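Quick note on labels: first sequence line is chain A, next is B, and so on, each numbered from 1. The structure presented is a predicted model; accordingly, all values stated were derived computationally and were not measured.
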There are 2 protein chains.
Amino acid sequence: MSEQNRRIPRATIRRIPLYYRAIEQLQRQGVQRVRSDRLSEIIHIPSATIRRDFSHFGELGKSGYGYSVSRLAAAFGALLEVESAEHIAIIGVGGLGRALIVNNFRRNPDLTIVVAFDIDPAKVGQSIAGVPVYAFTELAQRLPPGVHTAIMAVPSAAQAAVVPVLENAGVTAIMTFAPLPVQCRPTTTIRYIDLTSELQSLLFTARQREAQVAKVD
Amino acid sequence: MSEQNRRIPRATIRRIPLYYRAIEQLQRQGVQRVRSDRLSEIIHIPSATIRRDFSHFGELGKSGYGYSVSRLAAAFGALLEVESAEHIAIIGVGGLGRALIVNNFRRNPDLTIVVAFDIDPAKVGQSIAGVPVYAFTELAQRLPPGVHTAIMAVPSAAQAAVVPVLENAGVTAIMTFAPLPVQCRPTTTIRYIDLTSELQSLLFTARQREAQVAKVD
DNA sequence: AATTAAATGTGAAATGGTTAACAAACTATT
DNA sequence: AATAGTTTGTTAACCATTTCACATTTAATT
């Protein structure tokens with residue numbers, strides 16, 4: 001009864017979506033209750049970590065019983081605000097931008113890509129899976145009110161110029177696939193998805209492991 | 001002279017690619033030497049963290065001088081084995097797989113996608129940006145020797161069936177865009193890229209920040 | 001109602017990662 | 001050669017996160 005008042009650790013925040021996904025799955029399967037050690041099997045996170053994480057959001061479980069799946073679903077659904085759909089803009093309709101639009105976070109009706117922008121006149125005016133593509137220069141006029149989230153799939157060099165335009169249009173959350181750190185307002189939250197770095201560090205780890213194994217053999 | 005013998009922390013490993021990218025950039029600009037505080041400005045990592053990270057790989061710098069850019073380039077290039085190109089297979093030629101092939105980790109000639117596989121007969125036989133697409137059923141025969149790395153861009157439900165096929169064909173490093181934890185050999189290294197989770201946790205953080213600001217105002 | 005069994009929530013310890021601060025080492029200058 | 005100035009590499013402190021282990025609470029059973 002004290003943990004839920006404290007600041008929620010970054011590491012815990014990053015696991016919320018995993019919890020929500022597992023809970024959803026259990027609900028679809030008609031499971032009514034679940035213990036932390038069963039959740040642990042599903043998402044491969046130690047049960048102690050799960051219980052500690054959950055404790056930040058209140059006393060969700062009952063001793064000797066476990067957690068009510070519907071109660072968890074309600075709690076985590078509220079945390080992620082899945083009731084109110086988040087409308088998202090995509091900047092850059094290259095291969096990646098297009099793929100994201102077509103995919104559109106299937107299974108997550110609360111995440112909806114509603115509009116796209118590009119500087120290439122050949123792409124402007126198109127409609128991709130029902131999502132209109134407008135000229136980036138018209139972003140201020142074309143961005144629907146209430147859109148505070150953008151995904152950038154533009155060349156690294158273009159990124160720095162895009163961010164202030166988004167901020168002026170009211171965007172406060174940005175996910176970007178360009179790896180260069182960019183200047184932004186203190187009220188803007190940015191997340192970098194750096195696929196090249198992920199792959200390179202994965203390879204480093206894999207090679208290191210192989211060397212280990214070779215030594216042991 | 002003791003740090004370089006110890007195990008390299010996970011967190012440090014994940015930063016190696018960032019260091020390499022910055023060093024490459026400096027080299028292109030003709031910069032000969034660099035201090036840790038200058039690197040800090042470029043990649044937005046505290047200089048103390050940079051020096052500690054570097055110390056794991058030997059005494060790369062000189063007191064009162066800084067680091068020789070070419071020496072760093074050699075050291076980090078060796079860590080990432082950029083001299084010997086890594087050949088990569090893509091499994092799943094949907095929108096995302098196709099985008100990755102076309103992009104092909106530009107600027108990184110050491111990361112090369114050489115082959116793709118799909119179960120859709122309509123896609124098999126195509127060539128995308130010079131990369132041939134083969135039937136997934138023929139993977140064992142068609143995967144070129146020396147390919148130990150694969151990127152999976154397949155539906156979550158298909159993932160579990162793909163992994164053992166890859167492992168039998170000699171793949172030891174896998175990057176996947178499906179979020180479900182998958183069973184694999186202890187010698188296989190897997191990295192999950194979970195775009196939905198990233199977006200959801202980004203939104204959680206952004207909303208939390210807004211609530212903070214609202215309270216302060 | 002009392003007892004047994006079970007699983008949570010958390011204090012405390014362990015682990016992992018970051019950073020301030022500075023002695024030591026080197027460069028540059030006189 | 002000596003001195004002044006600079007920046008590394010590392011020690012020690014700090015902070016964040018994970019995990020153990022168990023008192024406590026609740027469910028289930030007799």
5' priority, DNA chain D, between A:T49 and B:L60 [closest heavy atom]: B:L60
Taking the side chain of B:S55 as heavy atoms from C-beta outward, which of C:dA7, C:dG17, D:dG9 is closest to it? D:dG9
So, is B:Y67 close to the D:dG9 phosphate, meaning a side-chain N or O under 4.0 Å from OP1 or OP2? yes
What is the distance from CG of A:L72 to P of C:dA7, rounded to the nearest Å? 15 Å
Within the 4.0 Å heavy-atom criterion, would you say A:S36 contacts the bases, only the backbone, or no part of the nucleic acid? sugar-phosphate
What is the distance, rounded to the nearest whole Å, between atom CZ of B:F57 and atom C1' of D:dT8? 17 Å
In whole Å, I'd like the distance from the CD1 atom of B:I50 to the C1' atom of D:dT10. 16 Å
Residues of residues 192-208 of chain A with a heavy atom under 4.0 Å from any atom of DNA chain D, listed by number, are none
B:T189: what forms a side chain to side chain donor-acceptor pair (under 3.5 Å) with it, not counting sequence neighbours? A:R209
Heavy atoms from C-beta onward define the side chain here; which of C:dT10, C:dG16, D:dT17 lies closest to that of A:R10? D:dT17
Summary of salt bridge (Lys or Arg N to Asp or Glu O under 4.0 Å) pairs that have at least one residue in residues 9-26 of chain B, sequence neighbours excluded: A:D194-B:R21, A:E198-B:R14, B:R15-B:D53
Which residues in residues 13-27 of chain B have at least one heavy atom lying under 4.0 Å from any atom of DNA chain D? none
What integer distance in Å separates B:D37:CG from C:dA20:P? 13 Å
Expressed as a whole number of angstroms, how long is the span from B:E59:CD to C:dC26:C1'? 12 Å
Tell me whether the centres of the aromatic rings in A:F54 and A:F76 are closer together than 6.0 Å. yes
A:E167: which residues meet the side chain to side chain donor-acceptor pair (under 3.5 Å) condition with it, sequence neighbours left out? A:T188
With sugar-phosphate taken as primed atoms, P, OP1 and OP2 and all else as base, the protein-contact string of nucleotides 20-30 of chain D at under 4.0 Å (heavy atoms; B, S, -) is BB---BBSS--
If you only use heavy atoms from C-beta on, which nucleotide in C:dG9, D:dT17, D:dT8 is closest to the side chain of A:P9? D:dT17
Donor-acceptor list for residues 102-114 of chain A side chains, cut-off 3.5 Å, not counting sequence neighbours:
| from | atom 1 | to | atom 2 | distance (Å) |
| --- | --- | --- | --- | --- |
| A:N104 | OD1 | A:I113 | N | 3.1 |
| A:N108 | OD1 | B:Q200 | NE2 | 3.3 |
| A:T112 | OG1 | A:P109 | O | 3.4 |

Report all side-chain donor-acceptor pairs from residues 170-184 of chain A shorter than 3.5 Å, counting only partners two or more places apart or in another chain.
| from | atom 1 | to | atom 2 | distance (Å) |
| --- | --- | --- | --- | --- |
| A:T172 | OG1 | B:E210 | OE2 | 3.2 |
| A:T176 | OG1 | A:Q159 | OE1 | 2.4 |
| A:T176 | OG1 | A:A178 | N | 3.1 |

What do the steps show when you test A:L39 against A:Y19 for side chain to side chain contact (heavy atoms under 4.5 Å, CB included), and what is the final call? CA-CA 8 Å; A:L39 277 171; A:Y19 294 136; 5.8 Å; no
Residues two or more places apart in sequence or in another chain: which of them pass side chain to side chain donor-acceptor pair (under 3.5 Å) with A:S40? none
Under 3.5 Å donor-acceptor pairs involving side-chain atoms of residues 78-86 of chain B, not counting sequence neighbours:
| from | atom 1 | to | atom 2 | distance (Å) |
| --- | --- | --- | --- | --- |
| B:E81 | OE1 | A:R207 | NE | 3.4 |
| B:E86 | OE1 | A:R207 | NH2 | 2.9 |
| B:E86 | OE2 | B:T149 | OG1 | 2.8 |

With A:A158, which residues qualify under side chain to side chain contact (heavy atoms under 4.5 Å, CB included), at least two apart? A:V154, A:P155
Nearest-Å distance, NE2 (B:H56) to C1' (D:dT8)? 15 Å
What is the distance, rounded to the nearest whole Å, between atom CD1 of A:I45 and atom P of D:dT17? 14 Å
Which residues share a side chain to side chain donor-acceptor pair (under 3.5 Å) with B:R38, sequence neighbours left out: B:E41
Which is true for A:T12 with a 4.0 Å heavy-atom rule: it touches a base, it touches only sugar-phosphate, or it touches nothing? nothing
Between P of D:dG9 and CG of B:L39, the distance in whole Å: 12 Å
Any side-chain donor near an acceptor of the partner, A:R191 and B:S201, under 3.5 Å: yes
